[in-house]
Amino acid sequence: MEKMNIKKLATYLQLSVATISKAMRDSHEISEETKKKVWAAAREFNYTPNPYASSLRRKKSKTIAIILPEVADNFFSLAINGIQAIAEQKGYHVLIYLTHESYEIEAALLEECSSGRIDGLLISISSNTRTADHIKKLQDEKVPIVFFDRDFELLNAPRVITNDFECGVQSARLLMGKGCARLKFLSISESLPICTKRAEGFLQAINEASGKEAPADLVYYCHTDPQVSLAQIEEVLMQNPRPDGIVASVERIGIQVYLACRKLGLSIPSDVKLVAFSTVETASILNPSLTTITQPAFEIGKTAAETLFMLIAGKDYGYSKKPIVIPSVLIERDSTG
């Protein structure tokens, strides 16, 4: 079959080349019905617009960047899928950068994204990021920026997050409802909003149940290095009295609680009940199956990308003023008894 191009596609659809081009750029001048018809035909004939040729004409890179702490966490893998789904529709390339939870690497990557190299940025900050100067610098260059999952609240930018505080409340209430009296919240950061909000909700639930302020040491901060944090969790589980209910603030910590319990000969949920903020697909087949607060990772990534492309197109629907919150779901399994 002869290779399809935009002129042939226009002839086939009886539309102008300009209309085809605008439809593929998601222009507000083109109706949604026409856009769908154009993309359906493009898929039928396996036509992909050339992002480099069009970018030269419009002085755009046709590239967005994603900066995130890691991909080992299942949440970020799913979020990337959501972002990629939208980027492909828009004919954009996606660059993925990992900070490995390092502020220094994050700042260097932001510098690399400057000077017109990208048309927009999606970022989930590292656990060690305590200033947004490096992000503000890129923002000052008029590069649209959208936070997803891990945001920096003091910077005026769109953010797509989940209901972390409410989920922290739910996790503590669940464990107390199962008879746990010595709870512990295992966190990875004292400043990362997802961790602080989850911890605040956790402590709020305990305060309400006890009628007094919960001790601050119910929140324990683990190192970002997996080997160090595993040793820390083992120390927590060897305390006397030992915690009988644990909330893991992120997926990695939840899995490490399993490893630590196995090494110490402790049984989940008989000795320790566990809730983890996690999207791990194997939660139901772990032994015992893991009770999770499951974040809508794909939807968060997809919505963040949709928001970014609105900003790239020059639209602003007020997302800068109010975060988009997509709720998580508590799924009870055997790890809480």
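Given the structure is predicted, the values throughout are model-derived calculations rather than measurements.
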Check the pair T34 / S31 against side-chain contact (heavy atoms from CB on, under 4.5 Å), numbers first and verdict last. CA-CA 5 Å; T34 300; S31 70; 2.9 Å; yes
Between CZ of R150 and OG of S189, what distance do you get to the nearest 0.5 Å? 8.0 Å
Should V275 and I255 be counted in the same cluster of Ile, Leu, Val, Met, Phe, Trp and Tyr side chains packed under 4.5 Å apart? no
Would you say V325 ends up clustered with L192 if hydrophobic residues are merged whenever their side chains have heavy atoms under 4.5 Å apart, either directly or through other cluster members? no
Does the pair R333 and T292 meet the rule for a side-chain hydrogen bond (donor to acceptor under 3.5 Å, both in side chains), with working shown? CA-CA 8 Å; R333 299 190 181 93; T292 59; 3.1 Å; yes
Just so I know, are the side chains of S126 and S102 near enough to count as touching, which here means a heavy-atom distance under 4.5 Å? no
May I ask you to decide if S267's main-chain N or O and S270's side chain share a donor-acceptor pair within less than 3.5 Å? no
For the OH atom of Y220 and the CD1 atom of I188, what is their distance to the nearest 0.5 Å? 14.5 Å
Going through the checks in order, is the side-chain hydrogen bond (donor to acceptor under 3.5 Å, both in side chains) test met by T162 and S328? CA-CA 6 Å; T162 191; S328 295; 2.7 Å; yes
Taking C180's backbone N and O only, do any of them form a donor-acceptor pair with D244's side chain (distance below 3.5 Å, no angle check)? no
How about E106 and H134: does a side-chain donor come under 3.5 Å of a side-chain acceptor? yes
Would you say the side-chain atoms of E101 pair up with the backbone N or O of P69, donor to acceptor, closer than 3.5 Å? no
Heavy-atom check, side chain of E112 versus side chain of Y97, under 4.5 Å: yes
Applying a strict under-4.5 Å side-chain criterion to I, L, V, M, F, W and Y, I'd like to know whether M238 and V236 cluster together. yes
Hey, could you give me the CD/NZ distance between E166 and K197, rounded to the nearest 0.5 Å? 9.0 Å
Does the side-chain hydrogen bond (donor to acceptor under 3.5 Å, both in side chains) test come out yes or no for E208 and Q204, once each step is laid out? CA-CA 6 Å; E208 291 174 353; Q204 177 67 29; 3.0 Å; yes
Sub-3.5 Å donor-acceptor pair from the side chain of K184 to the main-chain atoms of D217, do we have one? yes
When you measure from the side chain of N207 to the backbone of A214, do you find a donor-acceptor pair of N or O atoms at a distance under 3.5 Å? yes
Taking atom types as modelled and ignoring hydrogens, do the side chains of T336 and T291 form a donor-acceptor contact shorter than 3.5 angstrom? yes
So do I123 and L110 actually touch side chain to side chain, heavy atoms under 4.5 Å? yes
Donor-acceptor contact present, side-chain S289 to main-chain I285, <3.5 Å: no
Side chains of T279 and Q295: is there a donor and an acceptor less than 3.5 Å apart? no
Salt bridge (charged side-chain N to carboxylate O under 4.0 Å, His left out) assessment of E141 paired with K137: CA-CA 7 Å; E141 292 184 14; K137 182 179 178 183; 5.9 Å; no
Main chain of F165, side chain of R198: is a donor-acceptor contact present, judged purely on distance under 3.5 Å? no
Within a 6.0 Å radius of atom CD on E33, are there more than 12 heavy atoms belonging to other residues, nucleotides or ligands? no
Looking only at heavy atoms, which two atoms of P243 and V272 are closest? And how far apart? O-CG2, 3.8 Å
Joint cluster assignment, I96 & F298, ILVMFWY side-chain distance < 4.5 Å: no
Are more than 12 heavy atoms, taken from residues, nucleotides or ligands other than R262, located less than 6.0 Å from that residue's CZ atom? no
Distance-only polar pair, side chains of E190 and T196, donor-acceptor under 3.5 Å: no
Measure the OG-CZ distance between S124 and R159 for me, rounded to the nearest 0.5 Å. 12.0 Å
With rounding to the nearest 0.5 angstrom, report the CG to CD1 distance, L138 to I118. 5.5 Å
Ring center gap for F277 and F75 short of 6.0 angstrom: no
Ignoring hydrogens and angles, tell me if any N or O in the side chain of Y258 forms a donor-acceptor pair with the backbone of P288 under 3.5 Å. yes
Start with the C-alpha distance between F148 and I161, add both sets of side-chain angles, then the distance that settles side-chain contact (heavy atoms from CB on, under 4.5 Å), and finish with yes or no. CA-CA 6 Å; F148 69 102; I161 57 176; over 6 Å; no
Donor-acceptor check, side chain of K62 to backbone of K90, threshold 3.5 angstrom: yes or no? yes
Give the ring-plane orientation class for F185 versus F202, where under 30° counts as parallel, over 60° as perpendicular and anything between as tilted. tilted
R252-S278 side chain donor-acceptor pair, cut-off 3.5 Å: no
Residues S16, T19; criterion side-chain hydrogen bond (donor to acceptor under 3.5 Å, both in side chains); working and verdict: CA-CA 5 Å; S16 70; T19 297; 2.8 Å; yes
Candidate pair L155 and F147, rule side-chain contact (heavy atoms from CB on, under 4.5 Å), full reasoning: CA-CA 10 Å; L155 194 67; F147 291 101; 3.9 Å; yes
Taking the side chain from Q139 and the backbone from P144, do they hold a donor-acceptor pair closer than 3.5 Å? no
Count I, L, V, M, F, W, Y as connected when their side-chain heavy atoms are under 4.5 Å apart, and connections chain through other members. Are V250 and L78 then in the same cluster? no
CD1-NZ distance between I206 and K212, expressed to the nearest 0.5 angstrom: 11.5 Å
Could you go step by step and tell me if I66 and L95 meet the side-chain contact (heavy atoms from CB on, under 4.5 Å) rule? CA-CA 6 Å; I66 309 172; L95 300 176; over 6 Å; no
Could you tell me whether the side chains of T63 and R117 share a donor-acceptor contact shorter than 3.5 Å? no
Single hit among L13, N5, T11 for side chain to side chain contact (heavy atoms under 4.5 Å, CB included) with L9: L13
